[in-house]
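Notes for the one structure printed next.
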Amino acid sequence: MAENRFAKRMWHASSNAIREILKVTERPDVISFAGGLPAPSSFPVETINRIAGEILTADGCRCLQYGTTEGYWPLREAIANWVKVKGIETSPDQVLVLSGSQQGLDLMGKAFLDAGDRVIVEEPAYLAALQIFRSYEADLIPVKGDEEGYDPEALEAALKEHQPKFIYLVSTFHNPTGITYSVERRQKVAELAAKYDCYVIEDDPYGDLRYSGERVPALQTFNPERVVYLGSFSKIIAPGLRTGYAVVNNPEIRQKLVIGKQGADVHTSNLSQRIVQRFLAEGLLPGHIETICQDYKAKRDLMLESLEEHFPAGAKWVKPDGGLFLWVTLPEDISAIDVFPRAVEEKVAFVPGAYFFAQGGGENTLRLNFSNATFEQLQTGCARLGKVLKEFLD
Ligand SMILES: Cc1ncc(COP(=O)(O)O)c(C=O)c1O
């Protein structure tokens, strides 16, 4: 069909590069480090089965009825209580339940962005966020950072020059780089947002998956009015429940997000919300997270060891304290996009890092996921990839 049949904002929307890659990696003989999927063994299937049965037996008709856009009140209460572990003090009416935290990104775009508005994004940044903001015809302004987050001087210069509507960041165990913002950088971002009258989206779906180091307070705690905090149960219960949340202390922003959500999906699945609420109310979440973290910590460590053993000298990687990803930097002259087809021939896949850069660059980087593979696959896959990389280096 001719492109001009579609809205202009969709003309240049290419399909998600990762989804294209995932198609290749669906082949059962390929070991995939490409997706960002939790381990299926981490899903509490039996508990959810029991809870769903109890809920439907006790209150089936209400679970299956329409609900309020803001979310099921007891879940909003439970979330307001849960986020205290992140240092966030809030009340249930400042919590909005979302159909995954990704919906929060879309609703922020819907609420704030006109064509040509600017958004500051990390370099590299979460790919789907880039696509969402682009779908609202925003101009993306990538700003460099390091292992502690945005570079404060570069961020201030960009704020001054571009007057963006908001700054987007993944504060803890970043996707794709695995880094965590230091306390000082969190403070600095919050301070700069206030100075330049701009908002911040703190996207934090991985913060509870910590395997080493100390917890850091949410960036929102440094400026509760200006920072919209997005959290998710996808990585700590199950992504298929599509249940996430936003803590939005600013009432005007909250109202716009609620109106946006009404149009998008009326409300998040009542059944999912009640399952998550019961999971929290029964006090199951901390123990469940601990079990997941034990498994993922062992996987992270094994992948790090395997990279050490099999990857060529000249490749470097970040050792993350949590999350699902390792970020690898190859020597400058090797393109991970060129490596990819050769790696797939050797039956191993990853995501070339260039896809996470809003305006080009990063060709010599790649992202590896360690949560979804088995221990054996982690070792075999790293050996295969190491062999391919050595070929390219030679
Ligand atoms: C940085 C980041 N934000 C948001 C999401 C979306 O998560 P959810 O399943 O809560 O929509 C993901 C999922 O991978 C992510 O990596």
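Order of listing sets the numbers, starting from 1, for every ligand and every atom in it. Computed from a prediction, not measured in an experiment: that's the story for all the values here. In this chain, residues are counted from 1 in sequence order.
What sits closest to atom 11 (O) of ligand 1 on the protein, heavy atoms only, is Arg242 NH2, 2.8 Å. The protein atom (non-hydrogen) at minimum distance from atom 9 (O) of ligand 1 is Ser234 OG, 2.6 Å.
Figure legend: Arg367 and Phe350 shown without cation-pi pairing, the cationic atom not lying both under 6.0 angstrom from the six-membered ring centre and within 45 degrees of its axis.
Aromatic ring orientation, Phe279 versus His288: perpendicular (interplanar angle above 60°, classes split at 30° and 60°).
By the 4.0 Å heavy-atom criterion, Gly244 is excluded from the residues contacting ligand 1. Using 4.0 Å as the threshold, Pro205 has a heavy atom nearer than that to some atom of ligand 1. Distances shorter than 4.0 angstrom do not occur between any heavy atom of Phe233 and any atom of ligand 1.
The aromatic ring centres of Phe133 and Phe166 sit less than 6.0 Å apart.
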Steps toward side-chain hydrogen bond (donor to acceptor under 3.5 Å, both in side chains) verdict (Glu191, Asn223): CA-CA 8 Å; Glu191 197 184 298; Asn223 193 333; over 6 Å; no
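Looking at ligand 1, you'll find an N or O of Asp203 within less than 3.5 Å of one of its N or O atoms.
Atom CD of Glu147 is surrounded by 12 or fewer heavy atoms from other residues, nucleotides or ligands within 6.0 Å.
Neither the backbone nor the side chain of Gln103 has any atom closer than 4.0 Å to an atom of ligand 1 (non-hydrogen atoms only).
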